[in-house]
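Written out below as C-alpha cells is the structure these notes cover.
Letters go in sequence order (proteins before strands), and every chain restarts at 1.
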Amino acid sequence: MMDDYLRAVARSTVRSIQVALFLASRSIFRGNFWIGAMTILMMILVYLNLLFAPSLLQGVISQMNSKLRDTLVGNITVESSTPGSQITNSTKLVEQIAAIEGVEAVTPARTISGQLQLGSERGTAEVSGIDTQSFKDVFTVPQYMIEGSFLSPGDTDKIVLGAQIAGAGKAKLELYSDSLKNAHTGDKVKVSFANGIVKEYTVKGIFQSEFVQADLKTLITADEFSQVVPNSINSASAINVKLKSDTNQGNINDQISALRYDIKTRTWQERAGFVKSYTESIEVINKILRAVALFVGFLTIFIITYVDVVNKKRQIGIERAIGISPPTIILSYEFRALFYTLIGAILGAIGFILVVVPLEARYPFHFPLGNVYLDVNSNFMIRNAIILLLVSFASATLPAWRAVYGKIVDAIWGN
Amino acid sequence: MLKAENLKKIYHMGDVVVPAVNDVYLEVEPGEMMCIMGKSGSGKSTLLHILGLIDSPTSGKVYFKNQDVSKFSESKRAKIRLAQMGFVFQEYALLPELTALENVYLPARMLGRWPSEYEERAVTLLESIGLIERMHHHPRELSGGQQQRVAIARAMVNKPEIIFADEPTANLDSTSGKQVMQALTWLNKQFGTTILFVSHDADDQKYANRVVHLYDGRLSESGSEEYSA
C-alpha cells in the first residue's frame, strides 16, 4: 500500500519535472531573445562581481602571507625554549631538520640589536648574521635588491640594509622618518651593537621587498657576526625552515619539535601577528562583498521573474485551469532561472579565465606590499557558481509562488 | 454527472454586495450539450467557472460524479480538471510559446501519457478539426477561429467527460464562430462528451439540446426547441 503510494508520488514528481522542463525550454528558446540575452548578461556581470573582488582580496591575503613566509619567517621557525637564549649546537640541528622528508631548505641566523648611524641620521635595527647560501634557499630577499648586490660568503665589513632602515632617498617609505634617510650603496655606516662593540660597515646593497617588517632588517654574514659576537659559531637565535609545497606542515612541525627538548617551534601562522589581523579584516570585507554580489544576483533574478510572472499572469491562470499543477509551474520558472544563471556563470567563468585574469596579470594592481594578482582556482569558481545557482533558484521561487497561488479566475481575467 | 445545489457567489465591491450567482440548482446529465444563456454580467461565466472547479462558491455545493467537490483542495481540483474536464475560454487561451500541437498535448504530458500516445492523439484531434496543416504553427500565426479550434482539441486530449466552454464564439466572426460550435457539437455527438457552454448570442442556442437562462444570477430553464429559429 505504502509502496504504491510512494510509486505514485514518484511518478507524479517525475511528470511535474518533465512538464516544467518542457515549459521552461519552450519559454527560453521561443521567448523574447533580447530579454533572455540581457538576463544572461546580467548574470555574467553578477558572477564576475562575485569572483573579481573576492579573488583580488584573496590575492592580497596570499601576497601578505607569502611575503611573510618568504622574507621574514619561513614556514617554521625554531627557537630556544628558554626565552632570550640561543640554540646551541645549531649546526647539527640544522642538518637534522634538513634531513626530514618534506623540508626544502633550512637557514640559521644570529641576531643582535644595534644602532646605525649615517652622518647625523640614526636608526635602530636588528642585525642578523646569516649563512648567505642557505638564506637564499629559504628567503627571497636577495631577489629584491634595489641597489648594489647581496652578501657573498666570506664578506666582512659589508652590510646589506633593508629599504625601511636605509631610507635610500625614498621619502614615501612608511618608516622613512626613522631611517637613515639617504643611505646608498658604498656609504659607510657606523653600527653600535648592543654588546658595546662599534664598527663601521660599507653598504653593499639595499633591498626592498615591500614588506615593511622584512625591509627593517639589516644583514651581515655569519663570519662577520662571529667577529662582533665571539662564540656565536654553532649557535643560532633562530632557525628558519622552508617546506616543499604540498607538505603537511603540522606533521613536520611535530617532527622538528621531537628532535630536541630545548627547542620550540612556531609555524608562520603563529608568527603572523599583525598580518593575521590584517588578513582577518580583509576576509570580513571579502565576505561582505560576496554577500552583496549574491544579493544583487538574487534581486536580478527576482525582478526578472517578478516582471515575467506579472506579464504572464493570464497564461499562468490558463495553465492552472487546464490542470497544470502549481508546483509544476513554479518549477518551470525555477528551471528558467537556473538556465540563465548557469549560462551566465559559464560565460562569466570563460571571460574571467580568458580575459580578466590575464589582463590583471599584465597590468596588476600595485598594493603597498607589491603587485597583487587575482587568486582564483576552479574550486572557488565552482563553489561560487553553485551558490549563485541556489540563490537564483530561491529568488525565482518567491514571485512564481506568489503568482500561482492566487485565484485562477483573477489570473485569467488579469486582476 | 454534474450537480449544483443552492449555489451562491457573492462579490463585495466596497460596501455593495453583488450576488453573481444566486441560489442556483442545476443538474447536467452525461452526454448533454447544455447552453447557459444570459446577458453580459448575468453571472453565467462565474457559474461556469464554479462548475468547472476553477472558482469556489461562497456557499452551496457542487457534485461531480456524485462527489461533493466544492470543498476539495486545489491540488485535488487540479487533478479532476486535468483528467476529467476540458476548458475552452473566450479569448483563445493558448500558450504563445508552444505550437498548436504542443498546446494540444500539454495536458496529456501532465497526465503522464507516453510521448507516442499523446502526440498521436493530439495529431488525430488536430486532423479531425481540420488543422493538421497548421499543427507546427504558433498561436500568433493562426486566426482566431483556428486558435479556438486548437483550444477545443486541447480540451479533448485527455478524453474528458465534460467540456466547459466560456463564450467560445464571443471574439470570432460568424463563420469562425459557426465552425467552433460545429466542432463542439461533433465532439458531443461523436464521443458523447458532455458540453456545457455559456453564450450571450441567441444564435448559439440552436447547438444545445438544453438551454438555461441566467438573470441576475438566478436560473430559469427552457427547452432548446423553444429558442430554435
Please look at Arg320(A) and chain B and tell me whether the side chain, the backbone, both or neither of the residue comes under 4.5 angstrom of a heavy atom of that chain. both
Counting heavy-atom pairs closer than 4.5 Å to chain A, which one of Gly52(B), Ser75(B), Pro96(B) comes out on top? Pro96(B)
Salt-bridge contact Arg336(A)-Asp308(A) (side-chain N to carboxylate O under 4.0 Å): yes
Which region of Arg77(B), side chain (C-beta onward) or backbone (N, CA, C, O), has a non-hydrogen atom less than 4.5 Å from a non-hydrogen atom of chain A, or is it both or neither? neither
Proximity breakdown for Ile80(B) and chain A, heavy-atom pairs closer than 4.5 Å: neither
Looking at Arg134(B) and Glu141(B), is any side-chain nitrogen of the basic one under 4.0 Å from a carboxylate oxygen of the acidic one? no
State whether Tyr105(B) and Arg121(B) meet the cation-pi test: NZ (Lys) or CZ (Arg) under 6.0 Å from the six-membered ring centroid, and within 45° of the perpendicular axis. no
Please classify the contact between Phe22(A) and chain B as side chain, backbone, both or neither, with a heavy-atom cut-off of under 4.5 Å. side chain
So which of Glu74(B), Glu102(B), Arg154(B), His138(B) has the biggest tally of heavy-atom pairs under 4.5 Å with chain A? Glu102(B)
Side chain from CB out, backbone as N, CA, C, O: work out which of these in Gln90(B) comes under 4.5 Å of a heavy atom of chain A, or both, or neither. side chain
Do Arg218(B) and Tyr215(B) form a cation-pi contact, if we require the NZ or CZ to be under 6.0 Å from the six-membered ring centre and within 45 degrees of the ring's axis? no
Side chain proximity check, Arg81(B) to Asn158(B), heavy atoms < 4.5 angstrom: no
Quick one: do the Ser70(B) and Asp68(B) side chains pair a donor with an acceptor below 3.5 Å? yes
Please classify the contact of Asp166(B) with chain A as side chain, backbone, both or neither, using a heavy-atom distance under 4.5 Å. side chain
